[in-house]
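Below is one structure, written out as structure tokens; comments come after it.
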Amino acid sequence: MNKFYITTAIPYANADPHIGHALEILYADIMARYKRLIGNDVYFLTGTDEHGQKMFKAAVEAGKSVEEFAAEKSAKYLELADSWNITNDDFIRTTEDRHMNAAQKFWEESLKNGNIYKKDYSGLYCVGCEAYKTEKDLVDGKCSDHGTVPEIIKEENYFFRLSAFQEPLEFLFEQNKTFVYPQSRYNEMHNILKFGLEDVSISRSKEKLSWGVPVPGDDSQVMYVWFDALTNYVTALGYGSTENELFQKFWPADAHVIGKEINRFHSLLWPAMLMSVNLELPKQIAVHGWITVNGQKMSKTIGNVIDPLKVIENHPLEAVRYFLAREIPFDNDGDFSEEKFKDRFNADLANGLGNLTNRILTMVEKYCGGVVPKTSTEDGELIGKLTDDVWPTYLEKMEEFDFVHALEATWKFVAFCDHMISDRQPWAMAKAGKQNELEDLLYHLCESLRHIALMIWPVMPETAEKIFVQLGLDVGKELGKSLNDLRQWVELTVGNRIIKGDALFPRLE
RNA sequence: CGCGGGGUAGAGCAACCCGGCAGCUCGCGAGGCCCAUAACCUCGAGGUUCUCGGUUCAAAUCCGAGCCCCGCAACCA
């Protein structure tokens, strides 16, 4: 059995989650569920990043201790995962001992290998921003936010020898053209790489900032948040501890799912860090886009930030999951609006899948006494469409995080079934007493419905289960089988009594 | 000239690499059907393919110039 280790980025817990966080964890969840469906042994990690200056500042502003503030915010991300029906196996917080100890091990190992060194760093420090500025950040030599001239400050920091990994990284990019996905993001990183990498400061003096992982063997410094945060992908598996079975089994990661804004850290710095301690590299950095709202970038000032917990209070979770997967392309930005949601809901879920399910099951009730009929002939059209066209496309697109087109392929098949019903007119068969022909068609339609349910399983698990139940199938028993078995035709148990339920997705007006 | 993506019916996209009647989904209009959630099926309306110029029998597609959006570069998913 193939293992598959997938992670999300760990959101910076200085603010509440918004719909973009939900999108990322949803993408990862769909992939995790898909991989389980095709029979992989999946480990799925998410969590929160809780160190650093901004975190400290946010806590002070909220009038709370950092520990308390971090715990509160982190809990919201955990709640997001739970309420969105996310199947993560673990949730790591960078303030946990298991992480901090292991992050220090990672540092020590890198230091031992000669990849961390101490250097005087002097820079333009703005007291107001509590941050270093570059010449480019300044307007007339002054900080654009505070209008003050920054001080030149000299500080001794630890540096990571990123430049030493220039060639190995180039080799990596040459060898693995899909290391960063999609192509446009790969190109961006490859370009940056061509310009050459410089060593990066990876510590801060404790005087300025105490909220971080202490640098091993140096009381005066704490780690720079990114150096600390990135290691979560290995520390959560038990790297550096005696209990490291998960690490042995699942590392390297098969996919780090991240947002486009942190691509550099994951595609350049993180692989270099791993090389510096002689660990294997992740197979792929999968970079997704952003959600815009009514065509606008989400921002606090515009006031259009969408709370993912509110969204699922107002709409069914399954429908929201479907909308995002179907409407927001992984490799690009996509738009969310109530209007688009409603359109998509009515067209695809109510009129499409929901109505098709309903009409097939009603006919089984009416014409076959509520029992799935047996087939006497093979219906080449539906079988052929599924095996030659729909399944291959679906599988190919799912593998590439292209949920938009995987679902599009599935829904084309929904339309195909609708078309077939209109074309064959089973109601006319009933009137004409062509019972064999009628039963044959309905059998194949029930079976088609089962295949559709399988395809939507990663995105709408509860709806898929409902369809299985309505078809009289035992969900637990069916999911014990491999997808290759499940994808066989004539698998649906003939003679099952169907259990027609309420409409899956009542139309929105 | 820092690097890159894009401008195609009301909306969202495809076709561009490798020129050959401009296609899909939603929405809109008309008809059909009656198994179904006013659903489903069929047909139709709607485009100077950002602008200007060039190559060609033929340009959304190739070439040149320009305009406009957007991403990365910089601790926002």
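Naming convention: chains lettered A, B, ... in sequence-line order (proteins, then strands); numbering from 1 in each chain.
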Exercise for the section: Mind calculating the distance between CD1 (A:Ile202) and P (B:rC75) to the nearest angstrom? Expected result: 16 Å
Practice task
Determine, for nucleotides 36-41 of chain B in 5'-to-3' order, which nucleotides have protein heavy atoms under 4.0 Å from the base (write B), from only the sugar-phosphate (write S), or from neither (write -).
Solution key: BB-SSS
Exercise for the section: Check each residue of residues 177-188 of chain A for a non-hydrogen atom within less than 4.0 Å of any atom in RNA chain B, then write out the ones that pass by number, or none. Expected result: A:Arg185, A:Glu188
Exercise for the section: Report the residue from A:Met363, A:Arg359, A:Met420 that forms a side chain to side chain contact (heavy atoms under 4.5 Å, CB included) with A:Pro426. Expected result: A:Met363
Problem - Parallel, tilted or perpendicular: rings of A:Phe179 and A:Phe173 (30°, 60°) - result: perpendicular
Exercise for the section: Rounded off to whole Å, could you give me the CG-to-C1' distance for the A:Asp333 and B:rC13 pair? Expected result: 15 Å
Problem - Paired nucleotide for B:rC3 [Watson-Crick or G-U wobble; both distances under 3.5 Å] - result: B:rG71
Exercise for the section: Could I get the full list of salt bridge (Lys or Arg N to Asp or Glu O under 4.0 Å) partners for A:Lys466, not counting sequence neighbours? Expected result: none
Handout entry: Close aromatic pair by centroid cut-off 6.0 Å: A:Trp107 and A:Phe227
Key = yes
Exercise for the section: Describe the nucleic acid contact of A:Gly20 in one word from base, sugar-phosphate, nothing, applying a heavy-atom distance below 4.0 Å. Expected result: base
Only pairs under 3.5 Å count here: list side-chain donor-acceptor contacts from residues 502-509 of chain A, not counting sequence neighbours, and write none if there are none.
residue, atom, partner, partner atom, Å
A:Arg507, NH1, A:Asn351, OD1, 3.0

Exercise for the section: May I ask which nucleotide in the shown strands pairs with B:rC24, Watson-Crick or G-U wobble, both distances under 3.5 Å? Expected result: B:rG12
Handout entry: A:Asp307: salt bridge (Lys or Arg N to Asp or Glu O under 4.0 Å) partners, not counting sequence neighbours
Key = none
Practice task
Tell me whether the centres of the aromatic rings in A:Phe323 and A:Phe336 are closer together than 6.0 Å.
Solution key: yes
Practice task
Using salt bridge (Lys or Arg N to Asp or Glu O under 4.0 Å) as the criterion, list what pairs up with A:Lys177, not counting sequence neighbours.
Solution key: A:Glu174
Completion exercise
Scanning all shown strands, the Watson-Crick or wobble mate of B:rC43 with both distances under 3.5 Å is B:rG29
Problem - Touch class at under 4.0 angstrom, heavy-atom based, for A:Ile291 against every strand present - result: base
